[in-house]
Amino acid sequence: MFSASARPQLRIRARRALVLTTAGVLGAAGVLSLAGTANAASTLGASAAAKGRYFGAAVAANHLGEAQYASTLDTEFNSVTPENEMKWDAVEPTRNSFNYGSADQIVSHAQGKGMKVRGHTLVWHSQLPGWVGGLAAADLRSAMNNHITQVMTHYKGKIYAWDVVNEAFQDGSSGARLSSPFQDKLGNGFIEEAFRTARAADSGAKLCYNDYNTDGQNAKSNAVYNMVKDFKQRGVPIDCVGFQSHFNSNSPVPGDYQANLQRFADLGVYVQITELDIEGSGSAQATSYGKVVNACLAVSRCTGITVWGIPDKYSWRSSGTPLLFDDNYNKKPAYDAVLSALGGTSGGGGGGGATCAATYTRTSTWNGGFNGQVTVKAGSSAISSWTVPVTVTSPQKVSATWNGSPTWDSSGNVMTMKPNGNASLAAGASTTFGFTVTTNGNTNAPTVGGCTAS
Ligand code: G3I
């Protein structure tokens, strides 16, 4: 009895009722927590999102229960990389027996807060369980491909980008491959094989090669460059190159950092800063951090930055105080430099200008879809209108929206939401809009950009 054009509206109403019910229950219980604050003016993640990038942190599952750790993560970052939990020794300690507990904990935390997840790492000579090193070539090949396939299938649709192969080249002037069980028994072709297996396992994930001491032009980065160029020419599936960017006084940010990122980008891959930390303190450390952020922003194919930890005390090299937050989660000068390079300002919302914050939360999930809700809150002045961009990952589709008026970019993946009806909000007042995402197999959280007020 209903016309074809009426049916979507019915679905919208059904979903809307579901959202209101969910929010009501949570609200009545007093535990409705809004996460993933996206204030363009005052957080790393939202400021990066306003520039079309993510800003992530390496996360350890065993710190998620620490309130300040979790709240700093949830407030400041919109991407995570498990620091150790997805490595081979953690997920496949004995052959064909997979243990995803700690990694799942991080992925589910991230998805609940609207963050991307980088997968780290599938094939690496370090943190390899003993049984792998003992295998003969044919067996090792099948173990490597099985590991990639099993782990990527487990996380299919949930990982934005995978470090498929990590650190396969030697330091120094040789440009040669590093000795490892994979290199020594399978030869140079193991990297290509790993990438081909990875694409077959999850065609929706970006596939990266990740390394350190490749941040400027040198023999090692030249060797990686030549490999990536060859892969692109021959159609070997590679989408991105990760530059770890572990810096200190012996290994400072290279003068040609941006040029090096750009030459890789010019090969047709995305580039990402994947493990950034810079030993030091005060303004010297801040200046170096600023250089890295500015370099990424200057390269259009540089899609995001991940710092290798949150507070200094949990860094793999904590004595060098290389991160953005001190041991008590105070923001360091390096934090201010990063925020400012990203175009943000500390203490956003003040100053009397028109500002607003957008806060995302997933309100319900079912097989094949989920509902997201964004709360738009005016800053310390009344605003007359607002816009918030929401980006979903193909093949996801936004199948319904409510309490807002969306416009779409040509890809169909970026929705810019504006108010429908009364657009004005008093100082500190808030409103919400919602949407349904049909996942089509990809349950990545949407990226909610910064709120722009007028
Ligand atoms: O969890 C065990 C604990 O139970 C045990 O008591 C303790 C004793 O040593 O070890 C703990 O495991 C340690 C683990 O970090 C978790 O803290 C390992 O020994 C230690 O080797 C491991 O270090 C990690 C390192 O990779 C291993 O190579 C660092 O946390 C991690 O930050 C670091 O990350 C790497 C990237 O994956 C690749 N690029 C370089 C980067 C820095 O080294």
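Values below: all heavy atoms of this structure, side chains included; hydrogens, waters and symmetry mates excluded. As the structure lists them, so they are numbered: ligands from 1, and atoms in each ligand from 1.
Within a 4.0 Å radius of atom 20 (C) of ligand 1, the protein contributes no heavy atom. Remark: atom 43 (O) of ligand 1 lies closer than 4.0 Å to at least one protein heavy atom. Taking a distance limit of 4.0 Å, we find that atom 40 (C) of ligand 1 is approached by some protein heavy atom. The protein reaches atom 28 (O) of ligand 1 closely, with a heavy atom under 4.0 angstrom from it. Protein heavy atoms are found less than 4.0 angstrom from atom 34 (O) of ligand 1. Protein non-hydrogen atoms do not reach within 4.0 Å of atom 11 (C) of ligand 1. For atom 15 (O) of ligand 1, a protein non-hydrogen atom is found at a distance below 4.0 Å. In this structure, atom 2 (C) of ligand 1 has its sub-4.0 angstrom surroundings free of protein heavy atoms.
One side chain, N442 or N444, offers a donor N or O that lies under 3.5 Å from an acceptor on the other. Under the 3.5 Å distance criterion, with hydrogens and angles disregarded, no donor-acceptor pair is assigned to the side chains of Q217 and N222. Checked by atom type, the side-chain pair H125/E167 shows no donor-acceptor distance below 3.5 Å. A donor and an acceptor atom, one from each side chain of S251 and Y212, are nowhere located under 3.5 Å apart. N260 and D215 are not linked by any side-chain donor-acceptor pair at a separation below 3.5 angstrom, with hydrogens and angles left out of the test.
In Y212, neither the side chain nor the backbone holds a heavy atom less than 4.0 Å from any atom of ligand 1. Neither the backbone nor the side chain of N210 comes within contact range of ligand 1; no heavy atom lies under 4.0 Å.
Residue Q244 has at least one heavy-atom neighbour below 4.0 Å for each of these atoms of ligand 1: 39 (N), 40 (C). Ligand-side atoms of ligand 1 in range of H246: 40 (C), 41 (C), range being under 4.0 angstrom from any heavy atom. Contact atoms of ligand 1 toward S126: 28 (O) (distance under 4.0 Å to a heavy atom of the residue). Against a heavy-atom cut-off of under 4.0 Å, N166 is close to the following atoms of ligand 1: 38 (C).
A 4.5 Å side-chain heavy-atom check between C240 and K206 finds at least one atom pair inside the cut-off.
The shortest heavy-atom distance from K87 to ligand 1 is under 4.0 Å.
For the pair R141 and F190, the cation does not sit on the ring face, since its NZ or CZ is not both under 6.0 Å from the ring centre and inside 45° of the axis.
At a 3.5 angstrom cut-off on N or O pairs, E83 counts as close to ligand 1. No N or O atom of W124 sits closer than 3.5 Å to an N or O atom of ligand 1.
Using a 30° and 60° split on the angle between ring planes, Y360 and F435 fall in the parallel class, below 30°.
The single protein non-hydrogen atom nearest to atom 25 (C) of ligand 1 is Q127 OE1, 3.7 Å, given as residue, atom name and distance. Given atom 24 (C) of ligand 1, the protein heavy atom at minimum distance is N84 OD1, 3.4 Å.
In this structure, D336 does not pair ionically with K331, as no charged nitrogen and carboxylate oxygen lie closer than 4.0 Å. With respect to the salt-bridge test (charged N to carboxylate O, under 4.0 angstrom), the residues R199 and E192 do not qualify. Remark: K229 does not engage D266 in a salt bridge, criterion side-chain N to carboxylate O under 4.0 Å. The pair D312-R317 does not meet the salt-bridge criterion, since no charged nitrogen lies less than 4.0 angstrom from a carboxylate oxygen.
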